[in-house]
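First comes the structure, then the notes that go with it.
The structure displayed is predicted, hence computed values, not measured ones.
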Amino acid sequence: MQNVWFKHMGWIYRPISWQGFLVSALAVAFCVQVFVAIDRHSHSASDTLYGVFPYVACCFLLMLWVASNTCGDGRR
């Protein structure tokens, strides 16, 4: 039996179990922490965006991979 954490809805995955909500909350908390740390030392909005992008993109790609492997509808 496969444990389903996310439900596939169009282009996004919606968390449906406590594990899915935990993964989503950890991803958002990580992104907020990275934003605050980088924004503290940047001089402009573009500095912040350039500094935050690699971390946020990798974080959400990892979250997308976890969601696609735990959605349970056979899509990969």
Side-chain angles (χ1 to χ4, degrees):
M1 179 175 161
Q2 184 177 5
N3 192 3
V4 178
W5 295 1
F6 291 90
K7 181 178 181 183
H8 190 259
M9 297 181 61
W11 288 19
I12 63 171
Y13 292 92
R14 185 175 59 96
I16 59 172
S17 70
W18 69 268
Q19 294 98 336
F21 283 107
L22 180 65
V23 169
S24 301
L26 288 174
V28 169
F30 174 75
C31 290
V32 167
Q33 182 227 356
V34 165
F35 177 81
V36 170
I38 291 178
D39 190 49
R40 183 179 313 138
H41 300 291
S42 65
H43 301 289
S44 65
S46 63
D47 280 349
T48 302
L49 291 176
Y50 285 134
V52 167
F53 178 76
Y55 297 100
V56 172
C58 290
C59 178
F60 283 110
L61 281 174
L62 179 63
M63 188 175 156
L64 180 66
W65 178 77
V66 169
S68 67
N69 286 322
T70 59
C71 69
D73 65 355
R75 295 183 184 184
R76 290 192 188 181

Exercise. Applying the 4.5 Å side-chain criterion to the ILVMFWY set and letting contacts propagate, would Trp65 and Phe60 be lumped into a single cluster?
Worked result: yes
Exercise. What distance separates Tyr13 OH from Asn69 CG, expressed to the nearest 0.5 Å?
Worked result: 8.5 Å
Exercise. To the nearest 0.5 Å, how far apart are OG in Ser17 and CH2 in Trp5?
Worked result: 7.0 Å
For this session: Kindly compute the distance separating CG (Leu64) from CZ (Phe6), expressed to the nearest 0.5 Å.
Result: 9.5 Å
Output side-chain donor-acceptor pairs under 3.5 Å for residues 22-41, partner residues at least two apart or in another chain, one line each.
unit_1	atom_1	unit_2	atom_2	d
Ser24	OG	Gly20	O	2.9
Asp39	OD1	Thr48	OG1	2.9

Exercise. Any chance OH of Tyr55 has more than 12 other-residue heavy atoms, nucleotides or ligands included, within less than 6.0 Å?
Worked result: no
